[in-house]
Amino acid sequence: MHRLGRRLLPFLRLLVTLFLANSSASEQPSIPKENLLVLTVATKEPDGFKRFMQTANHLNYTVKVLGAGQEWRGGNIPHSIGGGQKVRLLKEEMQNHADRDDLIILFTDSYDVLFASGPEELLTKFQQFNHKVVFAAEGLIWPDNRLADKYPIVRSGKRFLNSGGIIGYASSINSIVEKWQLQDNDDDQLFYTKIYVDPVKRVTLNITLDHKSNIFQNLNGAVDEVELKFEPTRVRTRNIIFDTLPVLIHGNKQTKHLLNYMGNYVPDAWTSETGCTVCDTDLLEFSSLSTFPSVTVGIFIERPTPFLPEFLERLFTINYPSEKLTFFIHNKEVYHEKHIHRFWEKHKGKLKVKFVGPEEILSEGDARNMGMDYCRQNPECDYYFNLDSDVVLTNPNTLKLLMQQNRRIIAPMLIQYKKLWSNFWGALSPEGFYARSEDYINIVERSRVGVWNVPYIAHVYLIKGEVLRTDLKEKNYFNMDRMDSDMSLCRNLREKKIEKEKGSPTPESCHMFKPPKGVFMYVSNLHEFGRLLPTEGYNASRLHSDLWEIFDNPLDWREKYIHPKYSEIFTGGVVEEPCPDVFWFPIFSETTCDELVEEVENYGEWSGGKSEDKRLVGGYENVPTDDIHMTQVGLDQVWLHFIREYIGPVALKLFSGYHTKGFAMLNFVVKYTPERQAYLKPHHDSSTFTINIALNNKGTDYQGGGCKFHRYNCAVESPRKGWSFIHPGRLTHLHEGLATTNGTRYIAVSFVDP
């Protein structure tokens, strides 16, 4: 034979063999899905198992669970050898199917696996392998890297066996597992690996690996190889290296947070056409309960926080039977003791409360551990509701809505006003810290609405009491080095934790390792729940620090300090005109007036109504008042912003066509008393227009007072607290301050657009 022919002959034989194999596979009749049995091991039913079963049932798989209710003695697999118990249980089960050549067995992990497609696709892809048994594959070898050289060379694809997924004919799988003679805490993957790397056994048993993730996608070592493929009514995980759509997704090792992210979508948990398809499943029906569950509300004031009195009062807006609520309140800040005291004096006897104050000198982590244990130790505590002081819950039904979702841990989504900062993370960095997930902005902006499995929640969350007494039985979850309390809790929840005896672990002691918590954390954006308050810039050294929050927390500032009828200025008949071009309208709440007066009195350096005034550029005032300037108490920038935001729109409405610059050089609080300065002589103001806001009540706090406009012979003698005059300053509106005959009168004045 020609030399070239001799060289081509082996290659031609290989081509013929491959052609015949492929022809044989393609000519086989399709395997009916009734001939498929899914086996998995689950000694308990954590959230991961429930997700696995939800996807299996949704896609019409028949699943049999092995080991239910048994003690797990297979070790802590991600951190050590182990898993032999799974092989033993599979061996026992396969004795029932040993002679079934027509039955296909899929043996898979379940705590960290989900199905992406149905039995038909799975069986079709299995047949295309034309092997009796197919194992999952990955790019990293475990547990013995000394066996790497014994693996067959793979030109393209993953080289190493992973035991988290096996599919094959029942008789063939039985032939493999019947060889198991080891212990429960020996390593299942090492057992299968030694069979696979033996060339004779590999050929005899007709085993191959799913090198290109046609069926099994292991995420460990392949995080950058996968992406979500969105279709109108379903979502698939796509391997972009091999351009395959695997049927099972396995979040092995440290990739469970990625699997959780994918599980928010795959196979159709959320799609662009259907929205959330799992948000209405397994809901808690309050109508089926004989009584409402008991809730311990853990409130934590761990740093100076704006608007704390309003936060405390908001507790009474929770739409839930008050007799079913018990409160644990930890206040770390001495500054807030006055707020707590006023709240308690006002509502004493209305709430069941345990207070822990700053005198206890507890760290934040210790306080949170104490609050959680307060529920844990009470067998009647059905839920623990953590509520930090920087949380503003505007939805009174928040507690019920979270309960209704029937998750073990769930948080309402909150964001800071007009920011992307929220109380959850969508992803983790390799170091375990914040990373932005691809869907984070969609969730925050609520263009995608649902209940999302996430790796981190904070500030406000609901935990079932039974979880605290079973999965979270230990006393410390909030203290971990170099982490804040919420990060510590979430890491303890999402990661498998080892506690070992003295010395290194042995195969015999692996079962003593603590099992994974397996508790999923969810965040819901199904509803608008409220917002978070920024606290970083809050200065608690002032008497009423909330007055300065107009920039950082504008919504809460408005709710607290702007008159509740302010919006009626633009829609109703609230504005009055007691004199020509003198308009009267509500602007400040009672609280604003009181706190502003207290703030300037606390400063205390009144000018005395003298013409010589070093605070002014020229050092002289023609018509002096006994006053304190906003600049003196540090409120000048707050006040100018208030003029632009709240006075400007009023001026435009009342003086049509005039757009104020919102600038004022003189902004001050005036104090009138019979003893110091009782009145103010007729004058014009150095302004385009002036605002004059009454800060206390005539008849209660003082007698007399008012303002007279000489051109119109018109006087306003009964100013209302929190209401403002607005009138032209120059030329037309010569005016005087009428005498205060008794008590003390306070007004706030601004000369706008001088």
Side-chain angles (χ1 to χ4, degrees), residues 418 537 542 546-555 557-558 561-563 566-567 569-570 575 581-589 592-593 595-596 599-600 603 607 611 613-671 680 683-695 707 709 722-735 737 746-754:
K418 289 190 174 180
R542 304 180 177 106
D546 292 356
L547 282 168
W548 279 260
E549 289 297 298
I550 193 170
F551 299 105
D552 290 339
N553 292 295
L555 291 183
W557 194 94
R558 173 170 179 155
Y561 292 122
I562 295 301
H563 198 287
Y566 173 79
S567 59
I569 295 171
F570 309 97
V575 177
D581 285 331
V582 177
F583 297 98
W584 203 11
F585 58 90
I587 188 65
F588 278 160
S589 68
T592 322
C593 300
E595 291 189 4
L596 187 54
E599 200 70 47
V600 294
Y603 179 75
S607 66
S611 292
D613 194 341
K614 294 181 180 179
R615 300 171 301 175
L616 304 179
V617 175
Y620 186 85
E621 170 61 65
N622 264 334
V623 188
T625 53
D626 191 10
D627 58 43
I628 292 176
H629 288 188
M630 297 297 180
T631 54
Q632 293 175 269
V633 293
L635 278 169
D636 46 321
Q637 293 305 311
V638 170
W639 195 263
L640 289 175
H641 192 71
F642 156 71
I643 290 174
R644 288 190 290 269
E645 289 292 311
Y646 295 101
I647 298 299
V650 178
L652 179 61
K653 176 177 176 59
L654 300 178
F655 300 107
S656 181
Y658 180 74
H659 295 268
T660 178
K661 301 171 185 175
F663 178 68
M665 294 181 63
L666 287 178
N667 309 286
F668 50 94
V669 174
V670 179
K671 179 179 184 178
L680 192 62
H683 62 283
H684 288 289
D685 296 332
S686 57
S687 66
T688 301
F689 67 87
T690 296
I691 58 171
N692 179 327
I693 307 172
L695 299 180
C707 187
F709 296 90
W723 284 56
S724 177
F725 294 124
I726 183 171
H727 60 81
R730 296 187 181 90
L731 193 60
T732 59
H733 281 66
L734 180 73
H735 58 283
Y746 297 95
I747 60 172
V749 178
S750 286
F751 298 158
V752 185
D753 296 342

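Computed from a predicted model, the values in this text were never measured in an experiment.
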- Message: Tell me whether the rings of Y658 and F689 are parallel (<30°), tilted (30 to 60°) or perpendicular (>60°).
- Response: perpendicular
Quick one: list whatever passes salt bridge (charged side-chain N to carboxylate O under 4.0 Å, His left out) with [X], sequence neighbours left out.
| X | value |
| --- | --- |
| D753 | none |
| D546 | K560 |
| R615 | D613, D627 |
| D685 | none |

- Enumerate the residue pairs fulfilling salt bridge (charged side-chain N to carboxylate O under 4.0 Å, His left out) with a member in residues 643-663, sequence neighbours excluded, ordered by first and then second residue. none
- How long is the gap from OG on S686 to CD on E621, to the nearest 0.5 Å? 7.5 Å
- Task: State whether the side chain of W639 and the backbone N or O of A664 hold a donor-acceptor pair below 3.5 Å, judged by distance alone.
- Result: no
- Message: Do F588 and S724 make a side-chain contact, defined as non-hydrogen atoms from C-beta onward lying under 4.5 Å apart?
- Response: no
- What do you reckon, are the aromatic ring centroids of F668 and F751 less than 6.0 Å apart? yes
- Listed by chain and number, what are the side chain to side chain contact (heavy atoms under 4.5 Å, CB included) partners of H684, not counting sequence neighbours? L734
- Message: Checking ring pair (Phe, Tyr, Trp, His ring centres under 6.0 Å) between Y646 and each of Y566, F585, F570, which is the one that passes?
- Response: Y566
